Amino acid sequence: MDSSEKKRCSEIDICDLFITPAIKQAGWDQMQQIRREVTLAPGPVVVRGNLSSRNKKKRKFADYVLSLKPGLPLAVVEAKDNKHSVGSGLQQALGYAEILDVPSALSSNGDGFADHNRAASTGEAIETEYGMDAFPDPQTLWNRYRKFHRVTAEEQNLVQQPYHIDPSGKEPRYYQLDAINRTVEAVAKGQNRVLLVMATGTGKTYTTFQIIWRLWKAGAAKRTLFLADRNILVDQTLVNDFKPFGAAMTKIKNRSIDPAYEIHLGLYQAITGTEESDKIYKSVSRDFFDLIVIDECHRGSAAEDSAWREILDYFNSAVQVGMTATPKETEYVSNITYFGDPVYTYTLKQGIEDGFLAPYKVIRIDIDRDVEGWTPPPGMVDDLGGLIEDREYNQRDMDRTLVLNQRTKLVAERVMKFLRATNPMSKTIIFCEDIDHAERMRKAIVNAAGKLAKDNSKYVMRITGDSTEGKAELDKFIDPEEPYPVIATTSQLLTTGVDAKTCKLIVIDRTINSMTMFKQIIGRGTRIDEDNNKFFFTIMDFKRATELFRDDTFDGPPIVILGENDDPNALGPEDNEGDPGNESDDRDDNHDTGGGIRKFVVGGVTARVMNERIEYVGSDGKLVIESYRDYARKQIASEYQSLDDFIWHWNASERKQAIIDELEQRGVILENLAETVGKDFGDFDLLIHIAFGAPPLTRHERAEKVKKRNYFAKYGDKARAVLEALLDKYADDGVETIEDTKVLRLQPFAQLGTPMEIIKGAFGGKDAYDAALRELEDQIYEQAANE
């Protein structure tokens with residue numbers, strides 16, 4: 001193939017004809033080691049108002065990922081067509097190599113390869129170029145990988161141990177692979193305390209399974225103990241992610257550790273206790289377990305006085321891997337002090353930017369009695385006749401020492417107002433101060449929901465540790481296929497380990513003293529569930545927790561805030577401290593019983609919501625107060641000075657889709673605008689109406705105006721039939737549809753011949769077809785400037 005023909009080749013042609021053969025010639029197996037068109041991250045979800053869409057322009061997509069074995073990537077190769085230089089894709093490849101944590105980033109245009117070696121020694125060239133016949137073989141890039149990750153000859157067999165291949169085709173995401181590989185490498189190097197930090201919703205349990213599987217299959221961990229502190233965590237793990245262990249796995253029960261099994265899943269309360277006879281872990285030798293994995297290790301496992309620590313100290317010769325979603329240190333417990341620095345961290349912020357986790361918006365609501373405080377008149381008694389202590393009560397007292405029934409009613413009504421405005425069947429968790437508060441909130445929601453609760457008694461359920469009926473409904477609450485319960489009121493039972501991936505609303509009416517607790521609560525909503533149209537979630541915050549526990553480096557900023565009069569010190573400094581995190585299993589703190597704290601219940605004191613406002617994060621990252629329509633209008637107007645300017649650019653553009661793509665980069669999503677203006681309007685009319693106030697025409701109205709002119713008369717019969725059909729397609733589906741030549745494969749075009757036959761037979765060639773299409777678009781929008 002000569003150079004002129006090569007330059008006419010598409011990028012895919014360059015891959016098929018030049019790059020793939022060159023890689024295969026170097027000894028790479030096409031089935032096992034070469035992966036084409038690998039989506040590393042799907043792109044973030046863009047949210048404006050109550051509408052969302054995925055920004056596919058920001059997805060991370062590698063042309064080639066080369067692996068020594070499945071799950072052990074070594075290099076990224078970025079392809080470009082021959083109009084580009086050999087190294088023009090190198091920066092893109094380097095970005096992907098960094099997130100995959102591999103040393104080799106390469107680029108090619110079919111003439112040769114550009115190679116960036118992140119493992120280059122001092123004095124060694126970092127970037128080189130070579131011909132198509134000189135691509136490095138697998139051993140060469142494996143040696144480079146070993147050097148980059150400091151893997152010795154003695155360690156490489158364990159590092160190469162394959163991960164479990166799921167029959168369903170499920171594969172680890174890139175960050176899960178990074179976490180798995182960094183952990184296995186750390187164990188291979190003899191590190192016996194390993195910490196992994198992964199945000200809630202990123203698949204910590206699946207990652208844990210792959211780590212245990214590889215170490216188990218390699219013989220490095222013959223017996224493993226998986227420790228958790230809640231039954232639901234153990235039970236979900238047993239039947240879901242750990243299922244491939246099969247008969248080798250057991251759950252520790254009946255206060256006995258059975259040596260016949262190799263994989264043991266245990267609730268730490270089941271193997272330890274206050275009495276020496278309860279400490280069943282001592283029934284086996286100290287070296288019985290080779291590996292211990294501590295799930296949610298922030299929950300006190302590293303505290304020197306915790307029950308977890310007893311177990312860890314007893315089996316201190318075992319490799320101990322801590323999994324946590326909350327990297328923050330507190331004065332009470334330090335994961336890093338015990339486990340060491342994390343071998344890998346994947347934050348909520350990264351997960352949202354990649355598109356694996358749902359972004360969130362915050363509705364922060366201030367209630368007058370919380371912010372302004374309330375002081376009872378002298379001698380006032382509560383509803384039970386008890387004398388109310390004479391002092392000022394504020395936000396930290398609400399539902400702890402003072403119960404204002406009207407406040408509870410107000411919160412419930414505000415929650416239902418939001419659900420009715422969005423979707424009253426959206427799964428919702430309301431976090432309350434204690435069991436008593438959760439029950440009163442359940443009752444208030446029933447009354448606020450009205451017919452919704454009357455039609456189904458399980459519309460709202462209290463799911464707390466003491467409620468057998470509520471806990472029995474937990475599986476249905478987290479099952480996407482089960483519509484009921486819709487709303488769960490709780491205290492601590494649902495703060496962690498519950499995979500409620502369809503949860504769209506989290507309500508915080510609980511004082512939160514711990515960053516750990518806050519992150520776990522927020523984690524209930526971070527999972528994306530595309531099958532059930534769950535792309536983002538909402539936090540309704542009545543206790544200012546979102547302000548007190550904001551952590552932009554780990555979580556990123558919220559996408560929406562509702563509320564004002566922001567005072568981060570409103571709760572007082574004593575409420576903004578860490579806590580030990582020793583929450584009990586399947587139980588809730590109940591300040592109404594056993595703690596000696598008297599609650600005053602008052603029914604006649606009114607409460608009201610103070611000012612509300614909505615704020616969006618603009619393209620400059622700053623918060624702006626506006627509706628989605630206002631946001632879109634400003635974005636369009638900042639790009640185009642006037643209606644005439646926009647129309648000129650629209651008509652001058654060979655592809656209208658290019659303008660639409662550019663606006664979508666700014667967060668202006670046409671599908672979302674159609675929800676607010678009308679779905680029968682074309683993209684052009686949506687934009688000019690929103691940005692410049694021009695009266696919009698529907699696509700069918702524009703098509704009818706074109707048909708009334710004598711525009712098609714100058715074309716032959718076949719060309720006229722094609723153009724008339726294109727006009728009808730525009731009326732039905734929009735301009736972006738007719739700009740794609742794939743439309744010619746559809747009916748009614750298919751009966752006229754293949755796309756190439758239509759273009760050549762009706763118009764004489766591609767250039768003439770493109771010119772006719774542009775003229776058709778000009779006719780569609782010709783009168784726009786005068787409308």
Side-chain angles (χ1 to χ4, degrees), residues 19 22-29 32-35 38 40 60 62-80 84-109 111-161 174-175 177-191 194 196 214 218 340-346:
I19 299 176
I23 296 173
K24 288 170 61 179
Q25 187 179 351
W28 294 83
D29 185 286
Q32 295 292 321
Q33 297 179 309
I34 304 173
R35 292 188 65 197
V38 181
L40 301 176
K60 295 170 182 174
D63 290 323
Y64 292 85
V65 174
L66 306 182
S67 302
L68 184 69
K69 295 180 177 181
L72 189 54
L74 303 181
V76 176
V77 182
E78 193 62 28
K80 296 295 178 184
H84 292 80
S85 65
V86 171
S88 62
L90 204 52
Q91 288 188 120
Q92 192 174 351
L94 190 56
Y96 298 151
E98 287 173 351
I99 68 171
L100 283 173
D101 205 10
V102 297
S104 301
L106 301 102
S107 171
S108 178
N109 66 349
D111 289 339
F113 289 96
D115 184 342
H116 183 108
N117 180 6
R118 299 174 68 211
S121 303
T122 303
E124 184 181 357
I126 299 173
E127 291 193 1
T128 55
E129 290 189 10
Y130 40 79
M132 297 300 291
D133 59 350
F135 192 84
D137 60 27
Q139 188 62 44
T140 299
L141 293 191
W142 166 240
N143 291 340
R144 188 185 289 184
Y145 179 96
R146 283 181 50 197
K147 180 180 178 182
F148 185 66
H149 287 290
R150 298 181 176 87
V151 176
T152 66
E154 294 75 23
E155 299 161 1
Q156 64 177 339
N157 286 338
L158 178 54
V159 172
Q160 288 188 29
Q161 178 64 42
Y174 85 81
Y175 62 84
L177 273 182
D178 287 346
I180 295 162
N181 290 336
R182 298 299 79 79
T183 301
V184 171
E185 287 168 12
V187 174
K189 296 176 190 299
Q191 186 174 327
V194 181
L196 276 176
R214 289 177 65 181
D341 290 330
V343 297
Y344 186 74
T345 297
Y346 189 73

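As the structure is a prediction and not an experimental result, all values here were calculated from the model.
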Hey, can you pull the donor-acceptor pairs under 3.5 Å for the side chains in residues 127-136, sequence neighbours left out?
residue, atom, partner, partner atom, Å
E127, OE2, H116, ND1, 2.8
Y130, OH, D115, OD2, 2.9

Item to check | Exercise: identify the closest heavy-atom pair between V194 and A186 | outcome: CG2-CB, 4.2 Å

Checklist entry - Residues in salt bridge (charged side-chain N to carboxylate O under 4.0 Å, His left out) with E124, at least two apart? => result K147

Checklist entry - Are Y344 and I180 side-chain neighbours, meaning at least one heavy-atom pair lies under 4.5 Å? => result no

Checklist outcome for this item: Hits for side chain to side chain donor-acceptor pair (under 3.5 Å) against N143, two or more places apart or cross-chain, chain-then-number order -> Q139

Checklist entry - Roughly how far, to the nearest 0.5 Å, is the CG atom of N109 from the CD1 atom of I19? => result 7.5 Å

Checklist entry - Do V343 and Q191 have side-chain heavy atoms sitting under 4.5 Å apart? => result yes

Next on the checklist: If you compare all heavy atoms of D178 against all heavy atoms of L100, which two are closest, and at what distance to 0.1 Å?
Outcome noted: OD1-O, 3.0 Å

Checklist entry - Quick one: does D137's side chain have a donor or acceptor within less than 3.5 Å of a partner on G27's backbone? => result no

Item to check | More than 12 heavy atoms of other groups within 6.0 Å of E98 CD | outcome: yes

Item to check | side chain to side chain donor-acceptor pair (under 3.5 Å) involving Y145 - partner list, sequence neighbours excluded | outcome: R182, E185

Next on the checklist: How close do A114 and G87 get, counting heavy atoms only, and between which atoms?
Outcome noted: CB-CA, 3.7 Å

Checklist outcome for this item: Nearest heavy-atom contact between P70 and Q32 is CG-OE1, 3.8 Å

Next on the checklist: Holding to salt bridge (charged side-chain N to carboxylate O under 4.0 Å, His left out), I want the full list of residues that pass it with K60, two or more places apart in sequence or in another chain.
Outcome noted: D354

Checklist entry - Excluding sequence neighbours, so at least two apart, what forms side chain to side chain donor-acceptor pair (under 3.5 Å) with T183? => result none

Next on the checklist: Considering only residues two or more places apart or on different chains, which pairs with a residue in residues 84-96 satisfy salt bridge (Lys or Arg N to Asp or Glu O under 4.0 Å)?
Outcome noted: none

Checklist outcome for this item: Across all chains, not counting sequence neighbours, the salt bridge (charged side-chain N to carboxylate O under 4.0 Å, His left out) partners of D111 are K6

Checklist entry - Got V76 and L106 here, is their nearest side-chain heavy-atom distance under 4.5 Å? => result no

Item to check | Side-chain touch L74/R144, heavy atoms, less than 4.5 angstrom | outcome: no

Next on the checklist: Suppose we screen for side-chain contact (heavy atoms from CB on, under 4.5 Å). Which residues come up paired with Q160, at least two apart in sequence or across chains?
Outcome noted: L68, K69, L72, W142, Q156

Checklist outcome for this item: Residues passing the side chain to side chain donor-acceptor pair (under 3.5 Å) test with S88, sequence neighbours excluded, are none

Checklist entry - CG of L94 to OG of S104: how many Å apart, nearest 0.5 Å? => result 10.5 Å

Item to check | side-chain contact (heavy atoms from CB on, under 4.5 Å) partners of Q161, counting only residues at least two apart | outcome: R214, K217, A218

Next on the checklist: For a side-chain contact (heavy atoms from CB on, under 4.5 Å) check, start with the C-alpha distance between N117 and F148, then their side-chain angles and the critical distance, and finish with the verdict.
Outcome noted: CA-CA 9 Å; N117 180 6; F148 185 66; over 6 Å; no

Checklist outcome for this item: By salt bridge (charged side-chain N to carboxylate O under 4.0 Å, His left out), R35 pairs with (sequence neighbours left out) E171

Next on the checklist: Could you check whether any side-chain heavy atom of P73 comes within less than 4.5 Å of a side-chain heavy atom of N181, counting everything from C-beta outward?
Outcome noted: yes

Checklist outcome for this item: Closest non-hydrogen contact found for Y174 with I99 is CD1-O, 3.4 Å

Checklist entry - Just by modelled atom types, is the G89 backbone N or O under 3.5 Å from a matching donor or acceptor in the Q92 side chain? => result no

Item to check | Check: A79 main-chain N/O paired with D63 side-chain donor or acceptor under 3.5 Å | outcome: yes

Item to check | side-chain contact (heavy atoms from CB on, under 4.5 Å) between W28 and L141, worked out | outcome: CA-CA 11 Å; W28 294 83; L141 293 191; 3.6 Å; yes

Checklist entry - Would a 4.5 Å heavy-atom cut-off, applied to side chains only, mark V102 and R118 as touching? => result no

